[in-house]
Amino acid sequence: MGVSVRGRVHRNRARGDVTNRKIAQVLAEIGDILEIKGESAFRVAAYRNAARSLEVLPEGARERYRAGGVKALRQIPGVGASIAAKIEELLTTGRLAYYEQIKKTIPAVTLDLTRIPGVGPKTAQKLSDTLGVKSIADLERAIDTPLAARHFRPRTRERIKTGIGLLRGLSGRVILPVAEPIARELVEALRGCPGVLKVDPVGSLRRMRETVGDIDIVCATENARRAIECFASHPSVREVLAKGDAKATVVHADGVQVDLEIVPREEYGSLLQHFTGSKQHNVALRTWGVEHGFSISEHGIKRGGRLVRFDDEREVYRFLGMEWIPPELREDQGEIEAALRHALPRLIEERDIAGDLHGHSTWSDGREAIEAVVRAAIERGYAYIAVTDHSRGLGVAHGLDAARVAERHAEVEAVRRKYGAKIRLLEGVEVDIRADGRLDLPDAVLERMDVVIASIHSAFGQTREQLTRRLVGAIENLHVDILGHPSGRLLGERDEYGVEWDEVFRAAARHGTALEINAFPNRLDLKDTLAREARRRGARLVIDTDFHEARHLDLMRYGVAVARRAWLGKDDVVNAQPWRELAAWLRERGRGARR
DNA sequence: GCCGTTTTCGGCCCGACTGTTTTCAGTCG
C-alpha cells in the first residue's frame with residue numbers, strides 16, 4: 001500500500017509541559033537505573049509498571065492531580081505513596097530531585113549500552129567499568145582491544161559485536177502496513193513448507209498495535225528442521241541471527257526482526273496465547289491464575305500438579321472460566337475481569353462499516369476524481385461515501401474557497417446522476433480550524449454541505465488552553481459534524497498536541513459531534529486509549545480513512561482495529577449505521593441531510 | 001515499590017536459551 005506521509009512536519013517545541021509520556025519516561029528510566037544498580041527486581045518492576053500505567057492513562061495526570069490531589073494519583077494502578085509523591089513533584093516543579101540524584105550514580109553511557117540486543121544491565125555496567133567507553137561507537141572500537149580480551153571471553157565479545165550491528169540495522173518500530181506484508185510473505189512461505197500444520201503471526205501484530213517492534217510467528221509442524229530451513233533461507237531474509245531446533249531469529253531485508261517459534265501441535269493453543277501477549281496481559285493472567293490455583297505457562301495449565309495442554313487457544317480461556325478475549329483487548333486494561341464476568345463487549349468489525357465520511361478528490365489534494373472514489377466505494381459495498389475536500393486555508397492542499405465549492409457541486413451532481421441508485425454521495429468539506437479558532441469557510445457555505453469535518457492543520461505549538469479552545473469551539477459550531485484527527489499526531493514524526501481531553505470529550509458528547517478515528521496508518525488518531533475514554537464520556541466516534549485515492553478506502557481496517565482496541569461496538573460508531581440512521585444523525589445536527 | 005474476599009508483611013508470572021555455569025547468572029520474550 002503506498003502510504004506516504006502527508007503534510008509538513010511540525011516538531012513539537014519543548015513547552016516544558018509535564019505530560020503523561022514525560023512522567024512515564026522518567027519513571028521507566030529510574031527503573032532502568034535501579035536495575036543497573038542491582039536493586040530488587042521487584043522494585044525495578046514497580047517503576048516500570050507505573051510507567052506503563054501512565055502511558056496508557058487516558059486523561060492527563062495533571063488534570064487528575066488538579067481534581068483530586070495525591071490521592072487521585074494513587075488510584076492509578078501501580079502507583080503507591082512513593083511514586084505518587086514523585087509524580088506530584090514532577091507536576092508542580094517540573095523536576096524530580098530523586099531522579100536527578102540517582103542519574104548521577106551511574107555513567108550516562110551505561111543506559112545507552114543496554115539498547116544493544118544481548119546486552120543487559122550487568123554487561124553494560126561491566127563494559128562501562130572495565131573499558132571506560134563513552135558511547136556505543138567507542139565500544140565498537142574498544143571491543144577488539146587487548147583490554148577487552150582480558151575482561152570478556154571471545155564468545156561474549158562476538159555477541160556484543162553482533163548486537164551492535166543489529167542495533168544499527170534494525171529499523172525500530174514500524175507501522176502496520178510495513179509489518180504486515182513481511183509477516184504475510186513469511187507465513188505463506190511456511191504454509192507451503194512440507195510438514196507444516198499451522199502458522200500464525202502473533203505478538204503486537206496480532207493485537208493490531210499501531211506500531212510493531214518485531215514480528216513473531218508461531219508454527220506447528222511435523223518437521224521442525226525443515227520449517228526452520230524454509231524460514232531462514234527465504235529470499236527476503238537479510239541475516240540469520242539465531243537458528244536452533246525450535247526457534248529462529250532473522251532480520252528481514254526491510255530491517256525488521258522476525259522470530260519464529262516451532263511448537264508441538266498439542267500445545268499450539270497455549271503457545272498462540274503466550275506469544276500473542278501482551279506481556280502485561282500474560283502477567284496479569286498468570287497472577288490471577290496463581291491466586292486461583294492455576295499455574296499458567298506457554299505449555300499449558302497446571303492444576304494440582306497435573307499439566308493440561310491445549311491445541312486451541314479458545315480452550316485456554318475457557319479452562320480458566322473466561323470468555324475468549326479478542327487479541328486487540330489483551331493489554332491488561334480490565335479485559336480479564338470482564339472475561340470472567342462474561343461481559344466483554346461485542347467489538348465492531350470491518351464488515352459493520354457502511355461508509356466512509358472523510359476523504360479527498362482532485363478538487364483539493366486527492367489524486368483521483370470523485371467518480372473513481374465513488375466506484376471504489378460501491379465495490380466495497382458501502383451505502384454512502386463522502387468527499388470532503390480541504391478548505392482554502394490549506395494552500396498546499398489546493399483547498400476550496402466558496403466559489404470552488406460551488407464549482408465542485410456540479411461534478412457531485414453529475415456523479416450522483418450516474419451512481420445515485422447504488423450509493424449516496426455526500427458533499428462535504430474538511431474545514432480548517434484556524435489559529436484564532438475561527439473556521440476557514442463561512443457558515444453560509446458550511447450549511448449547504450451534507451457533512452462537515454473540522455480539523456487543525458496549523459499552529460500546533462499553541463498552549464494547551466488555546467488548542468483546547470480551538471477544538472471545543474469547532475465542536476460547538478452547529479455546522480460541524482465531525483472533529484477530524486483530533487490529536488494531530490503523526491506516528492514517528494509528531495507527537496499529539498497537549499489538550500484537555502476531558503473538556504473536548506464532554507463538549508462532543510453534549511453537542512453530538514462525532515470524534516474521528518482517522519484510519520490512515522501513520523495517524524490512527526484518536527488513538528485507542530483516547531477513543532475508549534471518549535466513549536466513556538459519552539461521545540460518539542466515526543472511523544474514516546481520510547482517503548486521497550481510491551485504494552485508500554482499504555485502510556479502513558486499521559481504523560477498525562483502533563476502535564476494537566478501544567473496546568468499541570458497532571453502536572458506538574456513526575458510520576457503522578445504515579443510511580437512515582446516519583441521515584437522522586446528520587439531521588439532528590441541524591442540517592438537512594438532503595440525499 | 002506495590003498490594004490485600006486468608007495477608008499491613010511477605011509475597012510479587014513462567015520458561016527457554018546461552019555461556020564457560022560444574023549448579024547458575026544474565027538476557028529475552
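Quick note on labels: first sequence line is chain A, next is B, and so on, each numbered from 1. Computed over heavy atoms, backbone and side chain alike; hydrogens, waters and symmetry mates excluded.
Within the structure, every pair that satisfies the side-chain hydrogen bond (donor to acceptor under 3.5 Å, both in side chains) test and touches residues 281-290 of chain A, not counting sequence neighbours, is listed here: A/Gln273-A/Asn282, A/His274-A/Arg286, A/His281-A/Tyr317, A/His281-A/Glu335, A/Trp288-A/His292.
Checking B/dG11 for Watson-Crick or G-U wobble geometry (two distances, each under 3.5 Å) identifies B/dC2 as its partner.
The side chain to side chain donor-acceptor pair (under 3.5 Å) check on A/Thr249 picks up A/Asp259, with sequence neighbours excluded. For A/Arg564, the side chain to side chain donor-acceptor pair (under 3.5 Å) partners are A/Glu328, not counting sequence neighbours. For A/Val70, the side-chain contact (heavy atoms from CB on, under 4.5 Å) partners are A/Tyr65, A/Arg74, A/Ala84, A/Glu88, not counting sequence neighbours. A/Asp528 pairs by the salt bridge (charged side-chain N to carboxylate O under 4.0 Å, His left out) definition with A/Arg565, not counting sequence neighbours. Looking at residues two or more places apart in sequence or on another chain, you find a side-chain contact (heavy atoms from CB on, under 4.5 Å) between A/Leu167 and A/Arg115, A/Ile116, A/Pro117, A/Ile136. Residues forming a side chain to side chain donor-acceptor pair (under 3.5 Å) with A/Glu313 (at least two apart in sequence, or on another chain): A/Arg206, A/Trp324, A/Arg330. Residues that satisfy the side chain to side chain donor-acceptor pair (under 3.5 Å) test with A/Thr105, not counting sequence neighbours, are A/Lys37.
A distance of about 15 Å separates the C1' atoms of B/dT27 and B/dT21, rounded to the whole Å. Taking atom P on both B/dC9 and B/dC14, the two are 25 Å apart, rounded to the nearest angstrom. On the C1' atoms, B/dG11 is 13 Å away from B/dT6, given to the nearest whole Å. Nucleotides B/dC17 and B/dC12 place their P atoms 24 Å apart, quoted to the nearest Å. If you take atom C1' in B/dT8 and the same atom in B/dC2, they sit 12 Å apart, rounded to whole Å. Across B/dC13 and B/dC3, the matching C1' atoms stand 16 Å from one another, rounded to whole Å. Going from the C1' atom of B/dT18 to that of B/dT23 covers 15 Å, rounded to whole Å. Distance noted for atom C1' between B/dG1 and B/dT5: 24 Å (whole Å).
In this structure, A/Glu291 places its CD atom 10 Å from P of B/dT6, rounding to the nearest Å. Remark: C1' of B/dG1 and NZ of A/Lys86 are 8 Å apart, rounded to the nearest angstrom. When rounded to the nearest whole Å, the span between CG of A/Asn282 and P of B/dG29 equals 14 Å. Rounded to an integer number of Å, the gap from CD of A/Gln125 to P of B/dT27 is 10 Å. Across the protein-nucleic acid pair, A/Leu113 atom CG and B/dT27 atom P stand 12 Å apart, rounded to whole Å. Between the CZ atom of A/Arg74 and the P atom of B/dG1 there is a distance of 13 Å, rounded to whole Å. One can place CG of A/Leu167 at 16 Å from C1' of B/dT27, the figure rounded to the nearest angstrom. The distance between atom CG of A/Leu285 and atom P of B/dC13, rounded to the nearest whole Å, is 12 Å.
Across residues 323-337 of chain A, not one residue has a non-hydrogen atom less than 4.0 Å from an atom of DNA chain B. Near-neighbour residues of DNA chain B inside residues 256-273 of chain A, defined by a heavy atom below 4.0 Å, are absent. Within residues 27-52 of chain A, the residues having any heavy atom under 4.0 Å from DNA chain B are, by residue number, A/Phe42, A/Arg43, A/Ala46, A/Tyr47.
Side-chain nitrogen and oxygen atoms of A/Thr123 include none within less than 4.0 Å of the OP1 or OP2 phosphate oxygen of B/dG26.
Taking 4.0 Å as the cut-off between side-chain N and carboxylate O, A/Asp138 and A/Arg141 count as a salt-bridged pair. A salt bridge does not link A/Arg184 with A/Glu188: none of the charged nitrogens is closer than 4.0 Å to a carboxylate oxygen. Between A/Arg155 and A/Glu158, no side-chain nitrogen of the basic residue sits less than 4.0 Å from a carboxylate oxygen of the acidic one, so the salt-bridge criterion is not met. Salt bridge annotation for A/Glu331-A/Arg52: present, with a cationic side-chain nitrogen under 4.0 angstrom from a carboxylate oxygen.
The side-chain heavy atoms of A/Glu298 and A/Glu267, taken from C-beta on, include no pair separated by under 4.5 Å.
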Do nucleotides 14-24 of chain B as a string where each nucleotide becomes B, S or -: B if the base has a protein heavy atom under 4.0 Å, S if just the sugar-phosphate does, - if no protein is that close. BSSS-SB----
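No more than 12 heavy atoms of other residues, nucleotides or ligands sit less than 6.0 Å from atom CZ of A/Arg225.
Judged by the 6.0 Å and 45° rule, A/Lys86 forms no cation-pi pair with A/Tyr99.
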